[in-house]
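Following: one structure in C-alpha cells, then a few remarks.
In what follows, chains carry the letters A, B, and so on, assigned in the order in which the sequence lines appear, proteins first and then strands, with residues in each chain numbered from 1.
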Amino acid sequence: MGSIRGAVTRRGARSRPTLVAVAEPELSNTAIAEALEELGDLYELDGAIVHRVLAYRGAAKAVREASVSVAALARQGRAVELPGIGKTLQEKILTLAETGSIPSTERLRAKFPPGLIAITHLPGLGPKRARLLHSELGIDSPQALRAAAQGERLRTVRGLGAKLEASVLASLEEMESQPDPRAAPRVLLARAVEIGEALAAGLARLGGAGTHVQLAGSARRLTDSVKDLDLIATTTRPSTLAESLGKLEQIERVTSAGRAGARARTHSGIAVDLRIARPEQLGNLLQHFTGSGAHNAALREAAVRRGLHVSEYGILDDATATTETHATEQEVYQRLGMSYIEPELRENRGELEAARDGELPELLTLQDICGELHSHTVASDGHNTIDEMGTAARERGYEYLAITDHSASHGFGNDVSPEQLRRQIELVRAANERLEGIELLAGSEVNILPDGSLDYEDALLEQLDWVIASVHTSFAMDEQAMTGRMIAAIEHPLVGAIGHPTGRLIQRRAPYAIDLDAVFAAAARTGTMLEINANPDRRDLSDIHARAAARAGVLLVIDSDAHRTSTLANMRWGVATARRAWLTKEHVANTRSWPELRALRQQARK
DNA sequence: GCCGTTTTCGGCCCGACTGTTTTCAGTCG
C-alpha cells in the first residue's frame, strides 16, 4: 500500500515524463488522529479512567507523527509497532479506515451532546465539571453554559461558585474571538528565539555579575513554533531580578513576581515565565522546564520503576529517602542511567531508550555546514547581487554558494527566461573569477510543472552546476497526481535536489497531498537529494519527515533559500530541524566540500 | 488502553494553582 505500482519514467529519458500510477490513497493520518482524539474526549466524558483517555491521546500523537500511512500499517498488522498503539487500537483504526467510523464513537456520540466536548476545552473546565454541569443543570453547549452562568445558576452546584461563573463568562468571550482554545496563536521559532534571547540578555545585564539567564521550554528544543517563553536564571539577588523583568522594553506587564520568579507578557502577546533556580539545582529545574511534557512523563515513569522520583527540585531516592539535587542536566541524566540528551531530541520519540543504550546520534551542528546550495539574487526575486551574496556567504565561512534564481515560468514578474539564464551563468562565472575565497556555482531553482516536467530544456540545464527542482504551482492536485509529479522530477537525471518538498508553511498552509513513502523511496533509489528548507516559515522537510527520509536512505541538503544577504543566517533553523530529525553530519550533503558533493551526484547518475 | 532491566497483571510523573473548601478535587503545564 502507498507504494508505486506502475513503471516510472526511466532515469536518463529526456522526453516529457508520463505520470506514474500510485496506489489508492489511504485515510489520512490526520483524520485518524482526530478520530482517536474525539474518542478519547468521549471516554473522558463517560468517566473512563484517566489512563485510558491518555492512551487515546498518546496514540493520536503517535499517528500524527507517523511518517507513513497508519491505515496502511494497520492493514498489514504493523500499526502495533507505533508507540502507544496496541491490538485494540489497531483494530479500531482498521475499522475506521474500512467503514468510515468507530462503533464506540457512535455509541458515545449518542450519549453526549457535541457541545459538551467544547465545554471541556474551556480553561478551568474539564470532563468532571462538564459532566456535572450536564447532569445537574442539563447544560449541553457553550450557549447553555453562558445562560446558566449569567443566571448565577452554576453556584447552586456543590463545588462550584461565583468565581467560576465569572471565569466561565470570560473564557466564553475569549472563545468567540478564538473558536478553538487549543489553536491559540503560536509564534514561529525564529521570532520566539529572537525575543527570548533579547529578554535573557536584558535580564542578565540588569542582574549584574553572577546572574545567568537562559531559554528553556520549546524554544530551547527548537520546535517549529512556540506558545510561551520559559526563562531560567541563577542569581545572587532573586527578588531584584524578578522585579527587573518589568523594566525590559519588550515587556508589557508583569502579572506576578517573587523570589522564585515572575510571570509577564510581552507587547507582542507572548506569555513569559521566569524561574529562578539555586545554582545547586539548576540542572533539575532546567531539565524540567525544557520538557517536552511527553519526554518528562516517560522519563519519570521509567525512573519510578527504579525507585527514583524526578521533579524540578531534584531526584528523590526511595532507598535513602533523600532528595538529591543536580547543578547540571548532564548530572540529572547520568543519575538516571542515561547519556545526556540534547534538548532537540526530547520529544519521547525513542531518545530515552537510545540514551540508556548509549546509542544517541552525534547531531549535526551549524559549524558542519560547508556551503549554501539555494539562494536568490536580483535576477529573480532576491534583493542582492551575485557579488553581494557571494561575499556574505564567504563571511559566513562557506566554501561554496550556489546561485539558484527562479526559472522560466515563475511569474510575479520574476521569471528568468532561458536567454536570461544563459546570461546569468556568464555573470556567475565572471563573479567567481573576481571573488577570492569562495566558489560560486551557477544554478537554478527550476519549477516542476504539473505534469512533472521542468521548465527549461535539458540542454540548458546541463550547463548548470547545480539544479534544485521545486513545486510552486498547482498545489491542490490529488495525492496520486502530486506524487507522480514529484517522482518524475526526482527521476530527472539533471536534478540535484528537490526544494521544500511538501510545500508547507508553518501555521499557514498544510503540506500538499503526497505519498512521502514513495517519494523517499524514489529519492533513495536515484540519489536525488531532498531539501530541508531553512526558511523559518517553512522548515520543509519537517523534523519528522526528514528523519523518515534519512531512515529510508535519502541524502538531505539544508538550504537557507536566502533572498538577501541577511537571510543566509536562516541556515540555523534548518540545522535545528535536522537535529530534531536525529541527523548526523553524514546524513547531510552540504557538510561535504563541493568536489565531494559533485562526485556523489555523478556517482548517483551512473 | 498500553506495557515490562522486579510485572502478561497491575501498575501507569510531579507539583502548583485555583476555588471552594475545613482537608480537597479539578485543572494545568
Side-chain angles (χ1 to χ4, degrees), chain A residues 36-37 39-40 42-44 46-63 79-93 102 104 119-133 154-168 170-171 181-182 184 216-218 226-230 255-256 258 260-261 263 271 273 275 281 284-285 287-316 318-319 323 336-338 348 352-353 355-358:
Chain A
L36 294 179
E37 250 152 33
L39 190 46
L42 285 166
Y43 274 133
E44 191 172 43
D46 200 34
I49 61 161
V50 63
H51 303 108
R52 191 179 184 194
V53 176
L54 289 174
Y56 275 87
R57 298 205 173 131
K61 176 174 179 281
V63 169
V80 290
E81 292 170 17
L82 294 171
I85 294 185
K87 285 193 72 173
T88 307
L89 280 175
Q90 172 162 280
E91 278 304 309
K92 289 193 169 168
I93 291 168
I102 304 174
S104 36
I119 288 176
T120 68
H121 294 157
L122 284 170
L125 289 181
K128 301 264 171 62
R129 283 175 179 163
R131 225 152 71 99
L132 196 61
L133 292 169
L154 300 190
R155 63 185 69 177
T156 64
V157 179
R158 184 176 164 74
L160 309 183
K163 288 203 175 170
L164 187 77
E165 276 171 357
S167 91
V168 156
S171 304
R182 288 175 303 176
S218 52
V226 167
K227 188 158 68 74
D228 47 28
L229 289 168
D230 294 293
T255 51
S256 68
R263 284 173 192 277
D273 200 350
R275 297 279 174 150
Q281 64 175 189
N284 304 101
L285 200 69
Q287 196 283 324
H288 174 79
F289 280 99
T290 297
S292 65
H295 172 88
N296 285 352
L299 174 139
R300 291 168 179 194
E301 216 166 290
V304 166
R305 286 185 222 117
R306 305 177 49 190
L308 300 171
H309 303 270
V310 180
S311 80
E312 60 262 55
Y313 303 110
I315 299 177
L316 168 64
D318 282 341
T323 299
L336 298 172
M338 287 182 267
N348 195 27
L352 293 165
E353 295 80 357
R356 270 194 290 272
D357 299 339

Exercise for the section: Kindly label the base of B/dT7 as syn or anti, based on whether its glycosidic torsion lies within 90° of 0. Expected result: syn
Exercise for the section: Between A/K87 and A/L125, just flag the one whose closest nucleotide in DNA chain B comes earlier from the 5' side. Expected result: A/K87
Fill in the blank from the handout: Assert: residue with more 5' nearest nucleotide on DNA chain B, out of A/S311 and A/K128, is A/S311
Nearest-Å distance once atom [atom1] is located in both [N] and [M]:
N      : M      : atom1 : value
B/dT20 : B/dA25 : C1'   : 9 Å
B/dA16 : B/dG11 : C1'   : 25 Å
B/dC28 : B/dT23 : P     : 25 Å
B/dC12 : B/dT6  : P     : 15 Å
B/dC13 : B/dG29 : C1'   : 12 Å
B/dG15 : B/dG10 : P     : 27 Å
B/dT8  : B/dC3  : C1'   : 9 Å

Under 4.0 Å, heavy atoms only, any strand: does [X] hit a base, just the sugar-phosphate, or nothing?
X      : answer
A/A166 : nothing
A/R52  : base
A/R305 : base
A/I85  : sugar-phosphate
A/V310 : sugar-phosphate
A/G293 : nothing

Fill in the blank from the handout: Residue set satisfying side-chain hydrogen bond (donor to acceptor under 3.5 Å, both in side chains) with A/Q281, at least two apart, ordered chain then number -> none
Tell me, please, which residues at least two apart from [X] pass salt bridge (Lys or Arg N to Asp or Glu O under 4.0 Å).
X      : result
A/D318 : none
A/R57  : A/D41, A/E44
A/E81  : A/R78

Handout entry: 5' to 3' contact window, DNA chain B with chain A (heavy-atom distance under 4.0 Å)
Key = B/dG1 to B/dC28
Handout entry: Base paired to B/dG29 (Watson-Crick or G-U; both N/O distances under 3.5 angstrom)
Key = B/dC14
Practice task
Apply side chain to side chain contact (heavy atoms under 4.5 Å, CB included) to A/I315 and A/H309, showing your working.
Solution key: CA-CA 5 Å; A/I315 299 177; A/H309 303 270; over 6 Å; no
Problem - Those residues that, when tested against A/F289, pass ring-ring contact (aromatic ring centres under 6.0 Å, His included) (two or more places apart) - result: none
Exercise for the section: Identify the heavy atoms of A/L352 and A/A298 that sit nearest to each other, and give their distance. Expected result: CD1-CB, 3.5 Å
